[in-house]
Amino acid sequence: MKNRILYCLAAASLALSFFFEQAPAPLVSGAPIAAEASLLPDFLSSDPEGSANDRASYRDSLQYSQYAHALGVKLEYTEDKDLLRTVTDWLGTPYRFGSNTKRGTDCSGFVTRVFKEVYGITLQRSSRSMFEKVQRVAKDEMQTGDLVFFRRGPGQPIYHVGIYLTSGKFAHSATNGGVMVSSLNQAYYHRNFYAAGRVARN
């Protein structure tokens, strides 16, 4: 009886050892590992540089979306983000003649402050003086960051300046609302638009 139990245990042990010796064999070929790896999502990539680029691209897209919403413009996502951010920060600043702070600014004061903050460029303080220093640009060739100038009729002096954003929209400090974004297609600005100019930036 004792011997039979030992024989049974030995047979069971032999069968189990045979099973476990055979079962791991497919792991050697690597097929199960490959199958498991293929189920992992692409975003678990081991390439840290690729992941960093993806995160940076996502942050850029998010920032552009925020600026587009705040400024009320449709962006191409290639515009100067520093300019968009700075203009956004100035939105709502009240109009104050002769001043250029966030407690109040006039049109040329706003433009000079933005250009100093974004590009490190010191512009002339008046819109007329600015116009004398810029390179003239055709209206249909304006780019983000160009200046737009206004006058009240032929032979009249330039009285207002703003910063072109995109899609016919520009940022400026208006006497009736402070720093805002307006459209060149609005009747008032369409009628009084005089010229666009580009400031040389290194």
Do Arg152 and Tyr159 meet the cation-pi criteria used here (NZ or CZ under 6.0 Å from the six-membered ring centre, within 45° of the axis)?
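Geometry flag: set, cation within 6.0 Å and 45°.
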
Just checking, Arg128 and Tyr194: is the charged tip under 6.0 Å from the six-membered ring centre and within 45° of the axis?
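Judged by the rule, Arg128 and Tyr194 form no cation-pi pair.
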
I'd like to know if the side chain of [X] and the backbone of [Y] have a donor-acceptor N/O pair within less than 3.5 Å.
{"X": "Tyr64", "Y": "Glu79", "result": "yes"}
{"X": "Lys169", "Y": "Gly72", "result": "yes"}
{"X": "Thr105", "Y": "Thr101", "result": "no"}
{"X": "Thr112", "Y": "Arg125", "result": "no"}
{"X": "Ser173", "Y": "Tyr95", "result": "no"}
{"X": "Tyr164", "Y": "Gly168", "result": "yes"}

Can you confirm whether Tyr188 is buried at OH, in the sense that more than 12 heavy atoms of other residues, nucleotides or ligands lie under 6.0 Å from that atom?
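Check passes, neighbour count above 12.
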
Verify side chain to side chain contact (heavy atoms under 4.5 Å, CB included) between Tyr67 and Val73, making sure each step is shown before the conclusion.
CA-CA 8 Å; Tyr67 299 145; Val73 296; over 6 Å; no

Quick check for you: to the nearest 0.5 Å, what is the distance between [X] atom [atom1] and [Y] atom [atom2]?
{"X": "Met142", "Y": "Asp140", "atom1": "CE", "atom2": "CG", "result": "8.5 Å"}
{"X": "Asp89", "Y": "Arg113", "atom1": "CG", "atom2": "CZ", "result": "11.5 Å"}
{"X": "Asp146", "Y": "Arg198", "atom1": "CG", "atom2": "CZ", "result": "4.0 Å"}
{"X": "Gln63", "Y": "Arg85", "atom1": "CD", "atom2": "CZ", "result": "8.5 Å"}
{"X": "Ser108", "Y": "Asn100", "atom1": "OG", "atom2": "CG", "result": "8.5 Å"}
{"X": "Thr144", "Y": "Lys81", "atom1": "OG1", "atom2": "NZ", "result": "14.0 Å"}

Is there a side-chain contact between [X] and [Y] (heavy atoms, below 4.5 Å)?
{"X": "Phe131", "Y": "Leu147", "answer": "no"}
{"X": "Ser65", "Y": "Tyr77", "answer": "yes"}
{"X": "Val199", "Y": "Tyr119", "answer": "no"}

If we count only N and O atoms by modelled type, under 3.5 Å, do the side chains of Lys74 and Thr166 hold a donor and an acceptor together?
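Result is no, nothing qualifies.
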
Check the side chains of Lys133 and Gln124 for a donor-acceptor pair under 3.5 angstrom, ignoring hydrogens and angles.
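The answer is no; no qualifying pair exists.
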
Please answer: with hydrophobic residues joined when any side-chain heavy atoms are less than 4.5 Å apart, are [X] and [Y] in the same cluster?
{"X": "Val137", "Y": "Leu83", "value": "no"}
{"X": "Phe193", "Y": "Met130", "value": "no"}
{"X": "Ile158", "Y": "Phe97", "value": "no"}

Which pair of heavy atoms, one from [X] and one from [Y], lies closest together, and at what distance?
{"X": "Phe170", "Y": "Phe150", "answer": "CZ-CZ, 3.6 Å"}
{"X": "Ser127", "Y": "Phe149", "answer": "O-CE2, 3.4 Å"}
{"X": "Tyr189", "Y": "Ala174", "answer": "OH-CB, 4.2 Å"}
{"X": "Arg103", "Y": "Pro94", "answer": "O-CG, 3.3 Å"}
{"X": "Asp80", "Y": "Asp82", "answer": "OD1-N, 2.9 Å"}
{"X": "Val148", "Y": "Ile163", "answer": "CG2-N, 4.4 Å"}

Lys139: partners by salt bridge (Lys or Arg N to Asp or Glu O under 4.0 Å), with sequence neighbours left out
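For Lys139, no residue satisfies salt bridge (Lys or Arg N to Asp or Glu O under 4.0 Å) once neighbours in sequence are set aside.
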
Can you name the residues that form a salt bridge (Lys or Arg N to Asp or Glu O under 4.0 Å) with Arg201, not counting sequence neighbours?
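Expected list: none.
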
After noting the C-alpha distance and the side-chain angles of Arg96 and Asp106, does the key distance pass the salt bridge (Lys or Arg N to Asp or Glu O under 4.0 Å) rule?
CA-CA 5 Å; Arg96 181 177 295 173; Asp106 59 17; over 6 Å; no

For the pair Leu91 and Leu71, evaluate side chain to side chain contact (heavy atoms under 4.5 Å, CB included) and give the outcome as yes or no after the intermediate values.
CA-CA 8 Å; Leu91 286 179; Leu71 298 170; 3.8 Å; yes

For residues 176-186, which side-chain N or O atoms pair as donor and acceptor with protein atoms under 3.5 Å away, sequence neighbours left out?
{"unit_1": "Ser182", "atom_1": "OG", "unit_2": "His172", "atom_2": "NE2", "d": "2.8"}
{"unit_1": "Ser183", "atom_1": "OG", "unit_2": "Asn185", "atom_2": "N", "d": "3.0"}
{"unit_1": "Gln186", "atom_1": "OE1", "unit_2": "Ser183", "atom_2": "N", "d": "2.8"}

Where do Trp90 and Glu117 land on the side chain to side chain contact (heavy atoms under 4.5 Å, CB included) test, with the steps shown first?
CA-CA 11 Å; Trp90 277 82; Glu117 290 178 30; 3.4 Å; yes

